[in-house]
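Contents: one structure, followed by commentary.
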Amino acid sequence: MAWKPLLCQIAWVCRRNVLKHDLAFTSEFKPAFPDVSHMVVFGFGFFLTFLRRYGFSSTGFNLLIVVLGVQCSVLIEDLLILLPQKEDKGVLERITRSAVSVTAVVISAGAVLGKSNPVQLILMTVVEIIVFHISKWINNTFLQVSDSISMMHVHLFGAYFGLAVSSRFSKPSPRSEKNTSTPKSDLLSMLGTLFLWVFWPSFNSILAVNKNKAIYNTYFALAVSAVTAFMLSVLTTKDGKFRMTHIRSAVLAAGVTVGTTAHCIEYPWIAMILGLLASVTTILGSYCLQRCFNPVLKIHDTSGVHFTFGLPAVLGALAQVVLLVIRNWTDTPRVDCLVLRHVGAYCQTISVALVTGFITGLILNFRLFKTTPVSKYFDDQFYWEAPRLAVGF
């Protein structure tokens, strides 16, 4: 299966030599590109290092799927240009948009973290990038949802695609020592959370028409979400202490929730309310999902992508529909049309993610892909040459 990344590389090189594009840096995307790169490489790379014996794989495999996913996404963007009424974009803009798209794959990888091998991750990356672009194209073409909004479905798509894939993997033993964290691994994961928190306002403003509004609304939402996360963490633990899992997940929830609405929220207090609700949804959802939902459906969500990205994205979808109704409430026919389009787009995104994720999970568990034994879950030593990995951090 090593030929797949090589094939993608060859296609990338051919694309750069055959197709002629303006290689000049677009001033609008020049500051945004490094911010998105820092998020997907440093932010998510460290965010997923909370497992005690899976640090090498968390950061290394994250880099692999990011660079592969960006190249696949750019190639798909080139193919979409051939469609009627499709605007040709500059190279830097296309790479930046591809980096945003690959966020879906990184989120999905968190659901199968420690259970999938590199070959499975490569195949999942290629399939998910293709399906995400198809889903986005359906939203843009048939439901007439703007490209900036449909691109921000990336969290919703990635979370539910990953959960569907994870449902086809064998569950690890609940008493597995390797499926735990250490103070050092939690610290590295918190470092990734800080990277994501700092760059999330830039991430939400990349495709926004009003970038300034998107930036400060996202910041206010994230700030309130962080304060709420610390308060709820103390209130929901028996000993009244902070829990790193709560802080790591809930402080980012607001960035996901306001992703589709940050550019159009008129007053910062609305963004702050959404940030509070996002944090509450994440922390309370973590208890409900882990104790009720996941055991019933036999899903093992390693990094909690459902309550970290999935539920906040659903909350953001509801918030966008409510704001659409408030802004256009005097024009009843227009409101009805807008609501149907956006609700349809969200339902289509979730449905496509679940169906294709389930099918992808079935394919990944074929013997051809040498599925990782349950006894080797969450273990760097199965993939990396490092003698000291056996003792963990």
Side-chain angles (χ1 to χ4, degrees), residues 28 31-32 35-36 39 100 103 139 144-156 193-194 196-232 235 247 249-285 307-343 345-346 349:
E28 182 181 1
D35 289 351
V36 179
M39 272 193 68
V100 174
T103 306
N139 289 338
Q144 298 180 0
V145 176
S146 66
D147 190 57
S148 60
I149 293 178
S150 60
M151 179 65 80
M152 287 296 107
H153 290 185
V154 65
H155 312 105
L156 193 68
T193 302
L194 295 179
L196 293 172
W197 197 94
V198 169
F199 290 110
W200 214 294
S202 179
F203 182 88
N204 282 354
S205 68
I206 289 173
L207 301 177
V209 176
N210 192 330
K211 296 184 182 298
N212 290 336
K213 187 180 290 185
I215 289 174
Y216 68 68
N217 280 329
T218 303
Y219 181 82
F220 282 127
L222 285 169
V224 173
S225 180
V227 174
T228 307
F230 280 96
M231 293 176 59
L232 285 180
L235 295 175
I247 308 303
S249 301
V251 298
L252 301 176
V256 178
T257 298
V258 300
T260 55
T261 57
H263 67 286
C264 62
I265 295 176
E266 294 295 333
Y267 306 103
W269 61 267
I270 298 177
M272 297 170 76
I273 291 176
L274 289 176
L276 185 148
L277 293 176
S279 189
V280 171
T281 301
T282 297
I283 292 181
L284 297 184
F307 57 80
T308 305
F309 301 101
L311 293 182
V314 172
L315 175 64
L318 295 175
Q320 192 207 8
V321 172
V322 171
L323 290 176
L324 278 175
V325 173
I326 293 174
R327 286 200 307 269
N328 302 277
W329 67 275
T330 56
D331 190 354
T332 304
R334 175 177 170 79
V335 169
D336 294 341
C337 182
L338 287 174
V339 169
L340 286 175
R341 287 177 181 175
H342 285 83
V343 170
Y346 286 115
T349 300

Quiz prompt | Pairs flagged by salt bridge (Lys or Arg N to Asp or Glu O under 4.0 Å) wherever residues 269-278 is involved - sequence neighbours left out | solution = none
Quiz prompt | Partner residues of Ala319 under the side-chain contact (heavy atoms from CB on, under 4.5 Å) criterion, sequence neighbours left out | solution = Leu274
Quiz item: Measuring from Ile215:CD1 to Ser202:OG, what's the distance to the nearest 0.5 Å?
Solution: 6.0 Å
Quiz prompt | Separation between CG of Leu252 and CG of Leu196, rounded to the nearest 0.5 Å | solution = 5.5 Å
Quiz item: Among all residues two or more places apart in sequence or in another chain, which pass the side-chain contact (heavy atoms from CB on, under 4.5 Å) test with Val343?
Solution: Val321, Val339, Cys347
Quiz prompt | Pairwise salt bridge (Lys or Arg N to Asp or Glu O under 4.0 Å) hits with a residue in residues 257-267, at least two apart | solution = Lys213-Glu266
Donor-acceptor contacts under 3.5 Å from residues 322-329 side chains, at least two apart:
from   : atom 1 : to     : atom 2 : distance (Å)
Asn328 : OD1    : Arg334 : NE     : 3.2
Asn328 : ND2    : Leu324 : O      : 3.0

Self-check item: Pairs touching residues 271-281 that satisfy salt bridge (Lys or Arg N to Asp or Glu O under 4.0 Å), sequence neighbours left out
Solution: none
Self-check item: Donor-acceptor pair between Ser150 and Asn139 side chains, under 3.5 angstrom
Solution: no
Practice problem: With sequence neighbours excluded, tell me which residues meet ring-ring contact (aromatic ring centres under 6.0 Å, His included) with Tyr216. | Solution: none
Practice problem: Would you give the length of the straight line joining atom OG1 of Thr308 to atom NE2 of His155, rounded to the nearest 0.5 angstrom? | Solution: 12.0 Å
Quiz item: What's the verdict on side chain to side chain contact (heavy atoms under 4.5 Å, CB included) for Trp197 and Tyr219, showing C-alpha distance, side-chain angles and the deciding distance?
Solution: CA-CA 9 Å; Trp197 197 94; Tyr219 181 82; 3.7 Å; yes
Quiz item: What residues, two or more places apart in sequence or in another chain, satisfy ring-ring contact (aromatic ring centres under 6.0 Å, His included) together with Tyr346?
Solution: His153
Quiz item: Checking Thr260 side chain against Ile149 main chain: does a donor-acceptor pair fall under 3.5 Å?
Solution: no
Quiz item: What pairs with Val100 under side-chain contact (heavy atoms from CB on, under 4.5 Å), at least two apart in sequence or on another chain?
Solution: Val36, Met151, Met152, Phe203, Ile206
Quiz item: Measuring from Asn212:CG to Asn210:CG, what's the distance to the nearest 0.5 Å?
Solution: 6.0 Å
Quiz item: Sequence neighbours excluded, which residues qualify as side-chain contact (heavy atoms from CB on, under 4.5 Å) partners of Ala221?
Solution: Ala254, Val258, Ala271
Quiz prompt | Partner set under side-chain hydrogen bond (donor to acceptor under 3.5 Å, both in side chains) for Thr193, not counting sequence neighbours | solution = none
Quiz item: Between OG of Ser225 and CG of Leu232, what distance do you get to the nearest 0.5 Å?
Solution: 9.5 Å
Quiz item: Do Val256 and Trp200 pass the side chain to side chain contact (heavy atoms under 4.5 Å, CB included) test, and can you show the C-alpha distance, the side-chain angles, and the key distance before you say yes or no?
Solution: CA-CA 9 Å; Val256 178; Trp200 214 294; 3.5 Å; yes
Exercise. Using a cut-off of 6.0 Å, state whether more than 12 heavy atoms not belonging to Phe199 lie near its atom CZ.
Key: yes
Quiz item: With Thr261, which residues qualify under side-chain hydrogen bond (donor to acceptor under 3.5 Å, both in side chains), at least two apart?
Solution: none
Practice problem: Indicate whether any N or O donor in one side chain lies under 3.5 Å from an N or O acceptor in the other, for Ser279 and Thr228. | Solution: no
